[in-house]
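Note that the structure is a prediction, hence the values are computed from the model and not measured. First the proteins, then the strands, lettered A, B, ... as listed; each starts at 1. Reckoned from all heavy atoms, side chains included, excluding hydrogens, waters and symmetry mates.
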There are 2 protein chains.
Amino acid sequence: MPNIKEVASKAGVSVATVSRVLSNKPNVRPEVRERIQQIIQDLGYRPSRIAGNMRNQSSNVVALMISDIRNPFFTAMARAIEDVANNQDMSIFLCNTDENLEKEQIYLKTLLEERVAGIILSPTRENGTAFEFLIESAIPLVTIDRRITGLDVDSVLSDNVQAAYLLTQHLIQRGYERIGAIIGLKESTTGRERGQGFQLALEDHGLKPDPRFHTYVYPQESEAELIVDEWLQSDERPDAIITGNSRLTIGVLNSIQKRGLVIPQDIALAGFDETPWMRHAASGITVISQPTYEMGKTAADLLFKRIVDPQRPSREVILKGTLIERGSTAAKLKR
Amino acid sequence: MPNIKEVASKAGVSVATVSRVLSNKPNVRPEVRERIQQIIQDLGYRPSRIAGNMRNQSSNVVALMISDIRNPFFTAMARAIEDVANNQDMSIFLCNTDENLEKEQIYLKTLLEERVAGIILSPTRENGTAFEFLIESAIPLVTIDRRITGLDVDSVLSDNVQAAYLLTQHLIQRGYERIGAIIGLKESTTGRERGQGFQLALEDHGLKPDPRFHTYVYPQESEAELIVDEWLQSDERPDAIITGNSRLTIGVLNSIQKRGLVIPQDIALAGFDETPWMRHAASGITVISQPTYEMGKTAADLLFKRIVDPQRPSREVILKGTLIERGSTAAKLKR
DNA sequence: TTGAAAGCGCTAACAA
DNA sequence: TTGTTAGCGCTTTCAA
């Protein structure tokens, strides 16, 4: 790959002049400009952004760190963030943490070494101490979906307590009384807050939470499937289940299908996260729909604003999910 | 953020010595090494990879370019590629092309300017001329899912003709005779080849393809929904539909649901791409399951091999999908 | 309008 | 074992 020096010598000018042409500076004689552009064409020359960024102490890369891109919740966000970044001629690094604090820490250090312009992070833990080095580095940071407590950073969240409350209350109002919950890890703010909303709704409606049926798991299909397999063997099995994301919902469906049970007659089901297939599974699955694309877009907007103005006061944007009622939570038949 | 010079002066040594410590070179006195490490700690110093790469004319970034990360087919691949890259201490750029040739070209040029170490590309078009500049740049390239005709590059493909043939034949054997097909854009090799497999199966079994029911569309839900909306109004509507990916399958489901039809009694359905919810929609949806994670892993492996040895002969790996039969293609009831 | 040269942060060849 | 220095490819200041 040719460099700017080669272009300059071929054109019989200095590298400075070529650089001026590259960045469309006005003070270049038109015929010289044209000659240089022709040579750039012929050589297939592409200026190195790495070198330019190095010189200017800038970067056109931002990073997105999430637990797993295969969770549709994050997929939509990733897409939104890429859209915004692309508009700004920025590229994005995709990083999966698998809810693994160590992996997350290693990745964050790599990102610092890569001198990325900013990071959008869905943190595995809410404990701020693990992220202090990040703050000290002064790299623009936005957390998404989850919070880091005690850290003054921009974040985009959804109202998890309320959403879980809504979901649980909905089931209670439809006549369900033994509601199980399978929620993401308690170490994340989402997990903890959803657990709270669930508990609160039970208590407010005079139901006693049964700790056996309130679990926090690594949020993937197999985990939920295992748990529900066990629940369904119990004599006092739940008459309804809520889940913390669509992957957990799948796990529950798998288990219910295995046992040959029917939703909602045998057991009701409702969960977090709308996906295009929710209306087609069982008799349609009731969900909390979170504005995922919008969350991603908001986070990216916040990040780019902070990159431009690192001093601006930080902001916490909380978006609300909406309940979509479907057949999986039809009113319970009294026996 | 401090630089190597600052570390050196604080430690009272030259930058060379610090550099030696950073890259674990042996020839540094242990006490000096320790002192330097301590200072690196205290300062929170992180060496700039940008600078290092610039000096060494290397890069630890590879790019993944696909049409849309929201297609689960690509999501799984992306995850696989990130896993492999992460093992090699490489980061990945995520680029969505939206099947848009222009967007793809712009992105590719950006990637050249970013001096990425390699590109994994699912090309929007199979016409090689649009990619000649890429080949000339000599940047390691692997195409995934789709081919670029006439270009000597590594690629990882699935056997689309056979898969579409299998799917169509399966429907025919179950007694369906008026089979519609909604497939991705014909400009991509996947679209064209799947169309071929479909046609071939019809012909081999003595059925006459009806051009009205054989369409190529932008592969997203709404497109399929619109088309099926129209088909279902026709007197001679298809008795079965095959789709080119899971997003199209959703579109078909939406349309069928709207009309209140039942699968497979009123109309059968089968499509490309297994997802966790296929067993739960309708009475389970028959699919061709493609080994997406493995395709991604294979592509990444090929790419890294080529980065190490640019001269190695190129290779085309073709993986086969498997048919998973479910209720959506139960034998047709004779009337 | 143009060019020479410094310098971004690092590595490695060479010298001491 | 350690230091000096050139140079990766660019941009920008300063001078001409």
Side-chain angles (χ1 to χ4, degrees), chain A residues 1-37 39-40 43-61 89 109-117 137 139, chain B residues 1-37 39-40 43-61 89 109-117 137 139:
Chain A
M1 171 121 341
N3 60 20
I4 196 172
K5 220 159 128 190
E6 196 175 332
V7 175
S9 84
K10 276 236 169 34
V13 296
S14 73
V15 294
T17 305
V18 178
S19 177
R20 287 185 189 107
V21 171
L22 288 175
S23 43
N24 270 314
K25 292 271 163 56
N27 45 348
V28 179
R29 254 177 34 235
E31 62 239 58
V32 175
R33 181 183 300 270
E34 231 164 279
R35 191 170 75 238
I36 292 174
Q37 274 162 343
I39 288 168
I40 288 176
L43 255 50
Y45 167 71
R46 302 251 126 221
S48 161
R49 292 194 184 201
I50 305 284
N53 285 337
M54 169 119 150
R55 161 69 218 225
N56 290 341
Q57 298 289 79
S58 64
S59 159
N60 26 199
V61 179
D89 195 28
K109 283 172 183 158
T110 301
L111 295 180
L112 290 187
E113 296 184 357
E114 293 284 355
R115 301 290 190 267
V116 296
S137 79
I139 184 169
Chain B
M1 169 119 347
N3 60 20
I4 195 172
K5 219 159 129 191
E6 195 174 333
V7 175
S9 86
K10 276 235 169 37
V13 296
S14 73
V15 293
T17 304
V18 177
S19 177
R20 286 186 189 106
V21 171
L22 287 174
S23 43
N24 270 315
K25 292 271 164 57
N27 43 348
V28 179
R29 253 177 37 235
E31 62 237 59
V32 175
R33 182 183 301 268
E34 230 164 277
R35 191 170 77 237
I36 293 175
Q37 274 163 342
I39 289 168
I40 289 177
L43 255 51
Y45 167 70
R46 301 254 126 219
S48 162
R49 291 193 186 203
I50 305 285
N53 285 336
M54 171 119 146
R55 161 69 219 224
N56 290 341
Q57 298 289 80
S58 63
S59 159
N60 24 203
V61 179
D89 196 28
K109 283 172 181 156
T110 301
L111 295 180
L112 291 187
E113 296 184 356
E114 293 284 356
R115 301 289 191 266
V116 296
S137 78
I139 184 171

What integer distance in Å separates A:Met54:CE from D:dG9:P?
11 Å

Identify the two heavy atoms, one from B:Arg115 and one from A:Arg46, that lie closest to each other, and give their separation to 0.1 Å.
NH2-O, 2.7 Å

Which whole-number value in Å describes the distance from A:Lys5 NZ to C:dA6 P?
14 Å

Within this structure, what is the CE-to-P distance between B:Met1 and C:dC10, rounded to whole angstrom?
10 Å

Nearest-nucleotide wise, let me know which of B:Pro30 and A:Pro47 is further upstream toward the 5' end of DNA chain D.
B:Pro30

Examine C:dT1: is either OP1 or OP2 under 4.0 Å from a nitrogen or oxygen in the side chain of A:Asn27? Give yes or no.
no

Between B:Val15 and B:Ile4, the two heavy atoms sitting closest are O-CD1, 3.7 Å

How many Å lie between CZ on A:Arg55 and P on D:dG7, as a whole number?
19 Å

Report yes if a side-chain nitrogen or oxygen of B:Lys25 is closer than 4.0 Å to either non-bridging phosphate oxygen (OP1 or OP2) of C:dA12; otherwise report no.
yes

Around atom NZ of A:Lys109, are there more than 12 heavy atoms from other residues, nucleotides or ligands closer than 6.0 Å?
yes

Once you round it to whole Å, what is the distance between C1' of D:dC10 and CG of A:Leu22?
9 Å

Can you see if the side chain of A:Gln57 gets near the phosphate of D:dT11 - specifically, an N or O under 4.0 Å from OP1 or OP2?
no

Please give me the minimum heavy-atom distance between A:Glu6 and A:Leu43, naming the atom from each residue.
OE2-CD2, 4.2 Å

Exam field: side chain B:Ser59 to backbone B:Val61, donor-acceptor pair closer than 3.5 Å
yes

Any donor and acceptor pair, going by atom type alone, linking the side chain of B:Arg35 with main-chain N or O of B:Ala11 inside 3.5 Å?
yes

Could you tell me how far apart B:Arg35 (CZ) and D:dT2 (P) are, to the nearest whole angstrom?
9 Å

What pair of heavy atoms forms the shortest contact from A:Tyr45 to A:Val7, and how long is it?
CG-CG2, 3.7 Å

Quick one: A:Ile4 CD1 to D:dG9 P, roughly how many Å, whole number?
11 Å

Length of the line joining A:Glu114:CD and C:dG9:C1', which is rounded to integer Å:
14 Å

Is the shortest side-chain N/O distance from B:Asn56 to OP1 or OP2 of C:dA12 below 4.0 Å?
yes

In residues 14-21 of chain A, which residues come under 4.0 Å of DNA chain C by heavy atom?
A:Ser14, A:Ala16, A:Thr17, A:Arg20

